[in-house]
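Since the model is a prediction, treat every value here as computed from it, not as a measurement. Keep in mind that the numbers below use all heavy atoms, side chains included, and drop hydrogens, waters and symmetry copies. Below, chain A is the first sequence line, B the second, and so on; all start at residue 1.
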Number of protein chains: 2
Amino acid sequence: MSGPTVHIVDDDAGIRDALSWLLASRGLAAVEWPSGEAILAALPLEDCACIILDVRMMGSSGPEVFDQLRARGCLAPVIFLTGHADVPVAVHALKAGAFDFIEKPFNDNQIVDVVLAAMATHAARQADAAQRRDLSDRLAALSPRETEVMRLMLTGSLNKQIADTLGIAVRTVEVHRSRILTKMGVRTAMELAHALSASPDPVG
Amino acid sequence: MSGPTVHIVDDDAGIRDALSWLLASRGLAAVEWPSGEAILAALPLEDCACIILDVRMMGSSGPEVFDQLRARGCLAPVIFLTGHADVPVAVHALKAGAFDFIEKPFNDNQIVDVVLAAMATHAARQADAAQRRDLSDRLAALSPRETEVMRLMLTGSLNKQIADTLGIAVRTVEVHRSRILTKMGVRTAMELAHALSASPDPVG
DNA sequence: AGCGCTATTGCGGACATCCACAATAGCGAA
DNA sequence: TTCGCTATTGTGGATGTCCGCAATAGCGCT
């Protein structure tokens, strides 16, 4: 397993090589792709920490490739390169979630800085995503009934009220509650709320 | 008190008037400013729902005015207008939080749509901000000791553990706890966690 | 000194939660 | 059908939480 890698997508071999050498000189591993189709065919990329994407290429354009990458679950930050002053394209790309949009010819130090920043945010997002996955997995492990009880718990309902709402005995709610806390890996209802507070709301 | 208003900042009276008329024809109230200095001097703007800002003007440039607006607490969405294909400026503006960046000459329907979208997000942000303010006010009303107890509560500590940590009696923690719930306007600790979960973390 | 606010603590009772032990029942897979 | 999982409920006791009543103490302001 190689380390975090920068993926360069450009139909101009000269640009690709220049970028590769530049990044290599700063100790960054890079992989080159001659077209959007090429990188899309290689998905999923295990070690993808950042993608540099030319806007105008033979075959699919940069924005088209970007959309495809996102559609296929690739969440790595994308840095666009363009040789043409195309403001609408830049605006659209950034609003769609691109990390940056840089005009050619680019400044070596500038692009390295942007790549480093992109890789940093990607690392942060990875850590975040790992926690979310863990949480999702635990939530998925709950039975339907347990999920239902949990939702009521989180609104602050007492066991008695939950039992009343669901038409079951308090004791049953207690059992569910206990199982929920065990499965979710927490010891109190407060910890559960705390753990779930970072989540957008996979429950409701 | 007038309703939500679009503020137009441009040193070209022709553009200003064209925009004003366009917006008026769609039932949107607009106010014109001949320069960045003019609108900055009029802060704070009560009814500001959206700001249209020309990039190149006599005096302060659009981006400079934008920074000043944000520095002075104006959170309204800003739509930049530019007559020059300036990709770096567009990229910087969007990354700084501009709502959109549009090239002149603009399409009437397009700009109206953007203005409407901006006003919609502003309304949503307003509602959000109101809740945050309410929460902040309530948090500010807590005594230092109460804040301390609350933080421990939110981590899932039992009253006994909190008492132990702070070196005080359990009864004292109970009193604090009760006051906290009252001041925060909730009835249970779970509701408190729930209410605070939307907050970035004004406590830690 | 007197007043108000915050922090502190004890007592006792009502109510809630947690849990081990024990048991019944439906439902889908092997 | 037997096995395993989920849902269900009860008893009883240990522990935790909530709250009214009552009281002491420091601190800053008038």
Is [X] salt-bridged to [Y], cutoff N-O under 4.0 Å?
{"X": "Arg138(A)", "Y": "Asp134(A)", "answer": "yes"}
{"X": "Arg177(B)", "Y": "Glu174(B)", "answer": "no"}
{"X": "Arg132(A)", "Y": "Asp128(A)", "answer": "yes"}
{"X": "Glu148(A)", "Y": "Arg145(A)", "answer": "yes"}
{"X": "Lys104(B)", "Y": "Asp54(B)", "answer": "yes"}

[N], OP1 or OP2 - any side-chain N/O from [X] closer than 4.0 Å?
{"X": "Ser143(A)", "N": "dA7(D)", "answer": "yes"}
{"X": "His176(B)", "N": "dT6(C)", "answer": "no"}
{"X": "Lys160(A)", "N": "dA16(C)", "answer": "yes"}
{"X": "Asn159(A)", "N": "dA16(C)", "answer": "no"}
{"X": "Arg179(B)", "N": "dA7(C)", "answer": "no"}

#### Entry: Donor on one side chain, acceptor on other, Ser35(B) and Asp11(B), under 3.5 Å
no
CZ/Arg70(A): more than 12 non-hydrogen atoms of other groups inside 6.0 Å: yes
Just the rounded figure in Å: distance from [atom2] of [N] to [atom1] of [X].
{"X": "Gln161(A)", "N": "dT17(C)", "atom1": "CD", "atom2": "C1'", "answer": "14 Å"}
{"X": "Leu142(B)", "N": "dC5(C)", "atom1": "CG", "atom2": "C1'", "answer": "15 Å"}
{"X": "Arg145(A)", "N": "dA25(C)", "atom1": "CZ", "atom2": "P", "answer": "18 Å"}
{"X": "Arg177(A)", "N": "dA7(D)", "atom1": "CZ", "atom2": "P", "answer": "17 Å"}
{"X": "Glu146(B)", "N": "dT8(C)", "atom1": "CD", "atom2": "P", "answer": "10 Å"}

With a distance cut-off below 6.0 Å to the six-membered ring centre and an angular limit of 45° from the axis, does Lys95(A) pair with Phe99(B) as a cation-pi contact?
yes
Against the side chain of Leu158(B), the closest entry in dA7(C), dT6(D), dT17(D) is dT17(D)
Picking from dC18(D), dC18(C), dG16(D), the nucleotide nearest the side-chain atoms of Glu174(A) would be dC18(C)
Contact check, residues 164-173 of chain A vs DNA chain D, heavy-atom distance under 4.0 Å, returns Ile168(A), Ala169(A), Arg171(A), Thr172(A)
Between Val114(A) and the options Asn109(A), Asp100(A), Ile52(A), the side-chain contact (heavy atoms from CB on, under 4.5 Å) test singles out Asp100(A)
* Asked: Should the ring pair Trp33(A) and His7(A) be called parallel, tilted or perpendicular, given that the plane angle runs from 0 to 90° and is split at 30 and 60?
  -> parallel
Residues of residues 184-191 of chain B with a heavy atom under 4.0 Å from any atom of DNA chain C, listed by number, are none
When the rotation axes relating C1' atoms of four end pairs to the next four are compared across the helix from dA1(C)-dT30(D) to dA30(C)-dT1(D), five pairs an end, they differ to 10° by 40°
Quick one: does any side-chain atom of Glu146(A) pair with a main-chain N or O of Ser143(A) as donor and acceptor, under 3.5 Å? yes
*Is a side-chain donor or acceptor of Arg16(B) paired with a backbone partner of Glu32(B) at a separation under 3.5 angstrom?*
no
